[in-house]
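The next block holds one structure in the form of structure tokens; read it before the comments.
The structure displayed is predicted, hence computed values, not measured ones. The sequence lines fix the lettering, A, B, ..., with proteins before strands; numbering per chain opens at 1.
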Number of protein chains: 2
Amino acid sequence: MRLSKKGAAKPDPKEGADRTKDVLGGTEIRIAYKMGYVLNFYREPSFRKIEMELGITRPEIVTLIFLNFREGVTASEICEFSGHLKANISRGIIALEKKKLLRRDVDKNDNRRQRLYLTPAGRALYAKYIPALRERERAMLSCLSASERKLFEGLLDKLAEHVPHWTALDEL
Amino acid sequence: MRLSKKGAAKPDPKEGADRTKDVLGGTEIRIAYKMGYVLNFYREPSFRKIEMELGITRPEIVTLIFLNFREGVTASEICEFSGHLKANISRGIIALEKKKLLRRDVDKNDNRRQRLYLTPAGRALYAKYIPALRERERAMLSCLSASERKLFEGLLDKLAEHVPHWTALDEL
DNA sequence: ATGAGAAAGTCACATATGAGACTATCTAAA
DNA sequence: TTTAGATAGTCTCATATGTGACTTTCTCAT
């Protein structure tokens, strides 16, 4: 591993790529590690920025994302597909309701469940941060051709559908 | 989205796959989201288990993984490739040293840097948890053929090498 | 050489998170 | 029915984490 550092915040891309390849090859869990590496750089800075600027926590961000494409979802479903613990999602939902960003109704068929719905304010807040996430995903993927992207997403779909086979739900 | 729940902790795989596909397709950042979904199920339960059973934190786990394949690495390099904040890695290193799992020497060429080295105890601890991570990665990938796995890793390599082009180091 | 600015690492404080107990409700089997 | 066990969601407490300030050391342009 070369130890000379780049001059600016933006590293010299050429050297960066070399070092990256050098370092990433070494662990015993290469694929999981590389996924984590790429995803961390996508997600962490974006989410921290949203947290700071909009004053919401990660479970709240995730809850808004879920609600935006599927209203009436319940807390436990958000847990199931987001990987967040139910205590945190619960706190997030309570906070979002307090800020009037969502509304909850008890499910008529099951009094334990609460169906969640975005308010206009919630939808507006979501609209405030999603463009940056979309743009950053585009940048992340810009090194792949259209067909490579399709291929990559296809493999991810396969992996995602396989998740229930090797993991137990109660692990969350 | 179907709302009927599975009977046991292990969901019915068939239904699970359907719901997964159903839910994952909906966000506006599909690929990033799917990566997160798969990775969360790989990483979170594993890491929490290690944290609990071995009494170490996530930055400590990551530091041991790095040191195991490359001794003499510095804290800031671990940050750069792990995505953890330097304050947390710093705390992790201090804790690991206190437990005599690593040793640090000031770099002769740069007195600000500390080169890190595993102790035998540190190596032994690493050896305790890495097999489970390896096995879980194997399970995660078992739905892909050998050639699909190669393909997937190749695409990940491309994405990883591209990271320095769209992200700024100081974002961590 | 020297002074401005960057980098490595540490610290203190506030906040977010994980673990696990708890209530209320539902389900299914005797 | 009744009851044991599962599920949805909330709460409390301890701990881990993010932020930003700080010290020390290095780099590089003047």
Side-chain angles (χ1 to χ4, degrees), chain A residues 3-11 44-45 47-53 55-63 73-80 82-98 104-116 169-172, chain B residues 3-11 40 44-45 47-53 55-63 73-80 82-98 104-116 168-172:
Chain A
L3 296 173
S4 62
K5 300 294 287 190
K6 312 100 242 132
K10 212 81 175 172
E44 294 306 313
F47 277 37
R48 284 201 204 109
K49 192 151 170 286
I50 295 170
E51 288 165 10
M52 277 207 17
E53 294 181 357
I56 57 180
T57 67
R58 205 154 300 211
E60 295 174 64
I61 297 171
V62 166
T63 296
V73 85
T74 66
S76 67
E77 288 171 326
I78 296 175
C79 292
E80 189 177 340
S82 73
H84 286 268
L85 296 167
K86 65 178 181 173
N88 295 328
I89 293 294
S90 173
R91 280 187 280 250
I93 288 170
I94 291 167
L96 287 173
E97 187 185 43
K98 201 165 301 174
R104 37 184 177 170
D105 291 343
V106 171
D107 186 330
K108 288 158 199 57
N109 296 104
D110 186 340
N111 284 301
R112 294 170 304 178
R113 297 185 184 194
Q114 310 172 350
R115 305 213 156 269
L116 306 174
L169 279 183
D170 60 356
E171 282 185 337
L172 293 180
Chain B
L3 296 172
S4 62
K5 300 292 291 189
K6 312 101 241 133
K10 211 81 173 172
N40 272 343
E44 294 305 313
F47 277 37
R48 284 200 205 111
K49 192 151 170 287
I50 295 170
E51 287 165 11
M52 277 207 17
E53 292 180 358
I56 57 180
T57 67
R58 205 154 299 211
E60 295 175 65
I61 297 171
V62 167
T63 297
V73 85
T74 66
S76 66
E77 287 171 327
I78 295 175
C79 292
E80 189 177 338
S82 72
H84 286 269
L85 296 167
K86 65 178 182 174
N88 294 327
I89 293 293
S90 174
R91 280 187 280 251
I93 289 169
I94 291 168
L96 288 172
E97 187 185 42
K98 202 166 297 175
R104 40 183 175 170
D105 292 344
V106 172
D107 187 330
K108 288 158 200 57
N109 296 104
D110 186 339
N111 284 300
R112 292 171 306 179
R113 297 184 184 195
Q114 309 172 351
R115 306 212 153 270
L116 306 174
L169 279 181
D170 60 358
E171 281 185 338
L172 293 179

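Of the two residues near DNA chain C, A:Ala87 and A:Pro59, the one whose nearest nucleotide lies more 5' is A:Pro59. Between A:Glu51 and A:Ser90, the residue whose closest nucleotide on DNA chain D is further toward the 5' end is A:Ser90.
The phosphate of C:dC26 has OP1 or OP2 within less than 4.0 Å of a side-chain N or O from A:Asn111. B:Ser76 has a side-chain polar atom (N or O) that falls below the 4.0 Å cut-off from OP1 or OP2 of C:dA8. The side chain of A:Arg104 contributes an N or O atom lying less than 4.0 Å from OP1 or OP2 of D:dT10.
Atoms CD1 (A:Ile50) and C1' (C:dA16) sit 16 Å apart, rounded to a whole Å. Going from atom NZ of A:Lys49 over to atom C1' of D:dG18 covers 17 Å, rounded to whole Å. Put simply, CZ on B:Arg113 is 6 Å from P on C:dA8, counting in whole angstrom units. Look at CG on A:Leu85: it is 17 Å from P on D:dT7, rounded to the nearest Å. Remark: P of C:dG18 and CZ of A:Arg58 are 10 Å apart, rounded to the nearest angstrom. For the pair A:Asn88 CG and D:dC11 P, the computed distance is 14 Å after rounding to whole Å. Residue A:Phe47 contributes atom CZ, which lies 19 Å from atom C1' of D:dT19 at whole-angstrom precision. In this structure, B:Arg48 atom CZ and D:dT17 atom P are separated by 12 Å, rounded to whole Å.
Contact of the B:Leu116 side chain with the B:Leu96 side chain is not registered, since no non-hydrogen atoms from C-beta on lie closer than 4.5 Å. Counting only heavy atoms from C-beta outward, the side chains of B:Glu80 and B:Ile89 never approach each other to under 4.5 Å.
A:Ile93 comes within contact range of no nucleotide atom at all, as no heavy-atom separation falls under 4.0 Å. Within the nucleic acid shown, A:Ile89 has no heavy atom closer than 4.0 Å to any nucleic acid atom.
At a cut-off of 3.5 Å, with distance as the only test, a side-chain donor of B:Thr57 or B:Glu60 sits close to an acceptor on the other residue.
Nearest to the side-chain atoms of A:Ala75 among the listed nucleotides D:dG9, C:dT17, C:dC26 stands D:dG9.
A salt bridge links A:Arg115 with A:Asp107; the closest basic N to acidic carboxylate O contact falls under 4.0 Å.
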Check your understanding: Is there a side chain to side chain contact (heavy atoms under 4.5 Å, CB included) between B:Arg48 and B:Arg58 once you walk through the steps?
Key -> CA-CA 8 Å; B:Arg48 284 200 205 111; B:Arg58 205 154 299 211; 3.9 Å; yes
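With hydrogens and angles left out, the side chain of A:Arg91 and the base of C:dG18 share a donor-acceptor pair within 3.5 Å. With hydrogens and angles left out, the side chain of B:Arg112 and the base of C:dA7 share a donor-acceptor pair within 3.5 Å.
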